[in-house]
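Everything on this sheet refers to the single structure shown next.
The figures that follow rest on heavy atoms only: side chains count, while hydrogens, waters and symmetry mates do not. Here, residue 1 is the first one in the sequence, and each next residue gets the next number.
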Amino acid sequence: MRDGIPGLPTPHPLIDRLPAVYLEQDFLQRFLAALDDVLAPVLLSIDNLPAHLDPRSAPDDFLDWLAQWVAVDPHEGSPPELRRAAVRGAVARHARRGTVGGLAEALRLETGTEPEIVESGGTAWSTGPGTPLPGQDRPWVTIRIRAAGGDGGGDRAGAGPGGRQPDRVRLEELIGAEVPAHVGFTLELL
């Protein structure tokens, strides 16, 4: 929660809004100065509202709030740059959700490495009846993520930006949220 900041100057002093006849009254000057101290954070927040709503310049606590607005759940341990990128690109990613490109982008943001994705489906076009359908009967996607250093990371994916290592559970949650509900998946960490 944001509190008042002692000594914060107000951008619009209330005393300047009064007619000149009131400027010499000591009680009124002190009273309005006290109100200025209370209103200064509010007025500065309103003046800076565009910066607060932009993920590139929003304070960290506002960034978490913006992430909720666009239905993004960046990992708690993510560096601020990654969290800002996740919020900034959320609307475009939501439009691609459920596609191979959308899944690849979500995994790239989480791990910092390029995933290899193989899906079981396919499309075909034919002018004749009875043309065999492409792909497999069971909808499935296989995701392979290579460790950044090639150390064969075991249960860890490749080191992402900032040196963090997302674990298998976090990646499976992410993939489960990104693929369509009827599609199964296999995660291979290489």
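Across all non-hydrogen atoms, the minimal contact from L109 to A85 is CD2-CB, 4.2 Å. Scanning all heavy atoms of the two residues, the minimum distance from A51 to S57 falls at O-OG, 2.8 Å. Between A67 and V87, the shortest heavy-atom contact is CB-CG2, 3.7 Å.
In the hydrophobic clustering of this structure, L53 groups with F62; members are Ile, Leu, Val, Met, Phe, Trp, Tyr whose side-chain heavy atoms approach within less than 4.5 Å, directly or through other members. Linking Ile, Leu, Val, Met, Phe, Trp and Tyr residues whenever their side-chain heavy atoms come within less than 4.5 Å places L43 and F31 in a single cluster. Hydrophobic cluster membership is shared by L28 and L39, with clusters built from Ile, Leu, Val, Met, Phe, Trp and Tyr side chains linked at under 4.5 angstrom. In this structure, L63 is a member of the same hydrophobic cluster as L49, with clusters built from ILVMFWY side-chain heavy atoms closer than 4.5 Å.
In this structure D54 satisfies the salt bridge (charged side-chain N to carboxylate O under 4.0 Å, His left out) test together with R56, sequence neighbours excluded. Legend: residues meeting side chain to side chain donor-acceptor pair (under 3.5 Å) with D137, ordered by chain and number and at least two apart, are absent. With sequence neighbours excluded, no residue forms a side chain to side chain contact (heavy atoms under 4.5 Å, CB included) with V38. Remark: Q136 engages no residue in a side chain to side chain donor-acceptor pair (under 3.5 Å) (not counting sequence neighbours). Looking at residues two or more places apart in sequence or on another chain, you find no salt bridge (charged side-chain N to carboxylate O under 4.0 Å, His left out) involving E119. For N48, there are no side chain to side chain donor-acceptor pair (under 3.5 Å) partners at least two apart in sequence or on another chain.
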Apply side chain to side chain contact (heavy atoms under 4.5 Å, CB included) to the pair V72 and R83, showing each step before the final yes or no.
-> CA-CA 9 Å; V72 171; R83 291 175 40 230; over 6 Å; no
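Exactly one residue among L187, L171, I175, I145 makes a side chain to side chain contact (heavy atoms under 4.5 Å, CB included) with P115. That residue is I145.
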Using distance only, find each side-chain donor-acceptor pair of residues 121-129 under 3.5 Å and give its atom names and separation, not counting sequence neighbours.
from, atom 1, to, atom 2, distance (Å)
S126, OG, G128, N, 3.1
S126, OG, G128, O, 3.1
S126, OG, T131, OG1, 2.6

Could you list the donor-acceptor pairs under 3.5 angstrom formed by side chains in residues 7-27, with sequence neighbours left out?
from, atom 1, to, atom 2, distance (Å)
T10, OG1, H12, N, 3.4
H12, ND1, R17, NH2, 3.4
D26, OD2, R30, NE, 3.2
D26, OD2, R30, NH2, 3.4

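Within the model, atoms CZ of R96 and CD of E105 stand 5.0 Å from one another, a figure rounded to the nearest 0.5 Å. With rounding to the nearest 0.5 angstrom, the CG atom of L103 is 4.0 Å from the CD1 atom of I117. Here the CG atom belonging to L107 is positioned 12.5 Å from the CD atom belonging to E116, to the nearest 0.5 angstrom.
The shortest side-chain heavy-atom distance between L66 and H52 does not fall under the 4.5 Å cut-off.
Other members of the cluster containing W140 do not exist, because no ILVMFWY side chain is joined to it at under 4.5 Å.
Each salt bridge (charged side-chain N to carboxylate O under 4.0 Å, His left out) pair with one or both residues in residues 174-190, not counting sequence neighbours, appears once here: R97-E178, R144-E188. Residue pairs satisfying the side chain to side chain donor-acceptor pair (under 3.5 Å) criterion with at least one member in residues 84-95, sequence neighbours excluded, are listed as follows: D60-R84.
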